[in-house]
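Quick notes on the structure that follows.
All values below were derived from every heavy atom in this structure, side-chain atoms included, with hydrogens, water molecules and symmetry-related copies excluded. We count ligands from 1, going down the list as the structure has it; atoms in each ligand are counted the same way.
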Amino acid sequence: MCGIVGYIGNQNSVPILIEGLKRLEYRGYDSAGVASINLGKSDLIKVKGKVSALEEKVKHEQLQGNIGIGHTRWATHGAPNETNAHPHFNSDKTLYLIHNGIIENYSVLKTALISKGYNFNSETDSEVLVHLIDSFIKKGNDLFNSVRYSLNEVEGAYGICVIYSDEPDKIIVAKKGSPLVIGIGDGENYIASDVNALIAYTSQIVYLEDDEIAVVYKDKFQARSISDEEIVKEVHEVKIALEEISKGGYQHYMLKEIMEQPESVRNSMRGRLLYEDGISKLGGLEGFDNRIAYSRRIVISACGTSWHAGLVGEYMLEQYAGIPVEVDYASEFRYRNPVIQPDDTMIFISQSGETADTLAAMKEAKRKGALVLGVCNVVGSSIARESTAGVYIHAGPEIGVASTKAFTSQLVVLSLITLLAARKRNLSLIDGKKIIEEIDSLPDKIARILKINDQIEHIAEKFVDAKNFLYLGRGYNFPVALEGALKLKEISYIHAEGYPAAEMKHGPIALIDENMPTVVIAPKDSVYDKVLSNIEEVKARKGKVIAIANEDDDQIDKLVDHVIKVPQTIRMLMPILTVIPLQLLAYHIAVKKGLNVDQPRNLAKSVTVE
Ligand code: G6P
């Protein structure tokens, strides 16, 4: 969601805040703002639009100060405009606040504050907080206690930073439900909603937990609980190289991340394949292997692309480990009364490890007594820390809003969990070894697909003006159809739907005509002939077909309008290959439409609100 940064030290905070906001812009990019305190005097600049617009305005107006906070917004309450942009401020313009999250009881608080004479500038829920804090200050409290007392009245989720020109030696930060980290420097300290914003400055990171509040000075920090007990925080060393979060010569992060997949997939399996034993070794699951393998049931829960990965995981685990699996949207799971028993295992998949719905579903599963596993990309993220055991996918930072390399790495990790559980149960050594060989060969096969990028770009050119797309797949490739459609709609704004190929005749077939392209995922597997029949049904209605097929398949060429060929592998791993042309197809269509693929409208990379 929104991105938050803060700085306190001896340097001018403003360029540091702008730099940090640029690295966080994937979290939200409809408006931005910074506030700083200079010699006891505070100032503020806000813009509608991107951080680059803020940077221009800041240069022009020469904002500076040794202490400052900055924010890039993804609107929840109130339109994306300058007034609703953060930081928000009190009427004296002495107190400034940035907020990531949602204040659920804001309207009750707002009514109470208005009755006390407070005026509101914006339509946001966040502004309530700044006036509430102000009301405690006006009663004679210091900044720290005013923030603490205010948060005790708040329901909802927040990561906040507050500065006050009457106490210009500190930033107050607090967290509940939304991520917040403190970066420790030498005589200076940093704050951010995401480590990525800080790695240019420090690798020493403190993760704030829910219900914690900290006072950050330039040379120290003190953490306390919201009920005012002292808390001793550990400082973590975070190892992310700056190159990992740059575009590395590519036009977009998304393309870079698609192209990185031979390596990111390799990193997901590195050191985890025990060929001689035909099994995987997952350090984060040690001690839980048997518990997982003999679960009565596995429930996978996630959102978005990670949910699609979960659907593939269902096919994997049921086919090889013979364990019943259910896959649930985290947002649905948390608001049902799901039947979870102590011998159930729940796997929560999340690239960011911060998705609010997934985190809440995880907490509920824990309360119900299931074994709770996390499959995350971001090391030290909330979901990773909340889980009882888990596996990092090690895909490296993913910045493009549309998830690509995280998906293929999630699938690799799910295949490793499957292998582990299956070998503990009925899978033979020989079959285990075969799976390992196939997993190990994936990076080279992905590299082969990436070589036909130009061919895919060429096909994309022909479909730039399409208004609708249908994606079809069966079995393991049904979730890939969903993922292909999601990629296209996220970045090209073309309406696209994914369907199990056989379901087409129960509805979507009514839409097919010469203007409705259909992407069919048709590798040579046990349902290949059936998929061919579905292609015939589309062709009979003059539909255009783009097929994803295997390299040795000549039969399909004459049936369809365009074919993209991928190498063969076992069924379980096929989605890791078939999804790649779909990522590239969506990417090229969006670029040819002149759209900003890394920051598509209305979306955010990390959804830390409900
Ligand atoms: C957002 C992103 C998606 C992502 C989903 C789940 O909607 O735009 O790309 O798949 O959140 O995120 P997670 O970090 O939990 O995998």
Side-chain angles (χ1 to χ4, degrees), residues 1-3 24-30 74 76 177-179 193-196 253-254 257-258 264 268 300-313 327-334 346-363 373-387 390-411 413-414 479-480 482-493 498 579 582-583 586-587 590 596-610:
M1 284 299 80
C2 308
L24 291 180
E25 209 172 12
Y26 68 93
R27 298 182 72 94
Y29 32 81
D30 58 43
W74 186 87
T76 58
S178 304
S193 47
D194 183 324
V195 177
N196 278 356
Y253 282 111
M254 184 178 176
E257 287 157 9
I258 292 173
S264 52
S268 307
I300 303 176
S301 190
C303 303
T305 290
S306 299
W307 181 74
H308 294 156
L311 290 177
V312 179
V327 186
D328 223 340
Y329 281 118
S331 54
E332 290 299 314
F333 180 88
R334 63 183 289 199
M346 287 217 54
I347 304 178
F348 292 90
I349 307 175
S350 175
Q351 186 286 126
S352 62
E354 301 294 349
T355 303
D357 284 325
T358 311
L359 188 57
M362 180 175 231
K363 288 181 178 165
L373 310 181
V375 172
C376 294
N377 192 28
V378 177
V379 175
S381 56
S382 302
I383 291 173
R385 282 178 287 137
E386 255 317 303
S387 54
V391 189
Y392 282 118
I393 64 171
H394 293 313
E398 190 182 68
I399 313 278
V401 165
S403 184
T404 53
K405 65 174 180 171
F407 180 71
T408 45
S409 285
Q410 287 164 345
L411 295 188
V413 164
L414 287 166
V480 178
L482 296 179
E483 176 59 11
L486 179 65
K487 288 293 84 91
L488 188 72
K489 61 187 144 193
E490 278 180 318
I491 58 171
S492 75
Y493 319 143
V579 77
L582 304 188
Q583 297 169 344
Y587 171 79
N596 182 346
V597 297
D598 282 336
Q599 295 173 349
R601 71 182 180 203
N602 305 341
L603 296 178
K605 179 79 184 151
S606 179
V607 182
T608 52
V609 295
E610 276 188 49

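Near S350, meaning under 4.0 Å from any of its heavy atoms, are these atoms of ligand 1: 13 (P), 14 (O), 15 (O), 16 (O). Atoms of ligand 1 found under 4.0 Å from any heavy atom of S403 (numbered from 1 in listed order, with element): 9 (O). Under a 4.0 Å criterion applied to the non-hydrogen atoms of V401, ligand 1 contributes the atoms 8 (O), 9 (O). Per-residue contacts place T305 under 4.0 angstrom from the following atoms of ligand 1 (heavy atoms of the residue considered): 10 (O).
You'll find the side chain of F333 reaches within 4.5 Å of the side chain of M346, heavy atoms only. In this structure, D357 and R334 have side chains that are in contact, with non-hydrogen atoms separated by less than 4.5 Å.
The nearest pair of heavy atoms linking G400 to D598 is CA-OD1, 3.8 Å. The shortest non-hydrogen separation linking A395 to N377 is N-OD1, 3.0 Å. Taking both residues in full, the closest heavy atoms of S301 and A361 are given as OG-CB, 4.3 Å, listed atom of the first, atom of the second, then distance.
For atom 6 (C) of ligand 1, the closest heavy atom belonging to the protein is C303 O, 3.4 Å. In this structure, the protein non-hydrogen atom closest to atom 8 (O) of ligand 1 is A604 O, 3.0 Å. In terms of protein heavy-atom proximity, atom 16 (O) of ligand 1 is closest to S306 OG, 2.5 Å. Residue, atom and distance of the protein heavy atom nearest to atom 7 (O) of ligand 1 are V607 CG2, 3.8 Å.
Remark: among candidates K487, Q410, E490, Q351, the nearest residue to atom 3 (C) of ligand 1 is E490, based on non-hydrogen atoms.
Here the options are E398, K487, Q351, H308, the test is side-chain hydrogen bond (donor to acceptor under 3.5 Å, both in side chains), and the partner is S403; only E398 passes. Of the listed residues (L411, V413, V378, T408), just one forms a side chain to side chain contact (heavy atoms under 4.5 Å, CB included) with I393, and that residue is V413.
Within the 4.0 Å heavy-atom shell around ligand 1 one does not find A402.
Considering backbone and side-chain atoms together, T355 places an N or O closer than 3.5 Å to an N or O of ligand 1.
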**OP:** Run the numbers on L582 and E483 for side-chain contact (heavy atoms from CB on, under 4.5 Å), then give the verdict.
**Re:** CA-CA 8 Å; L582 304 188; E483 176 59 11; over 6 Å; no
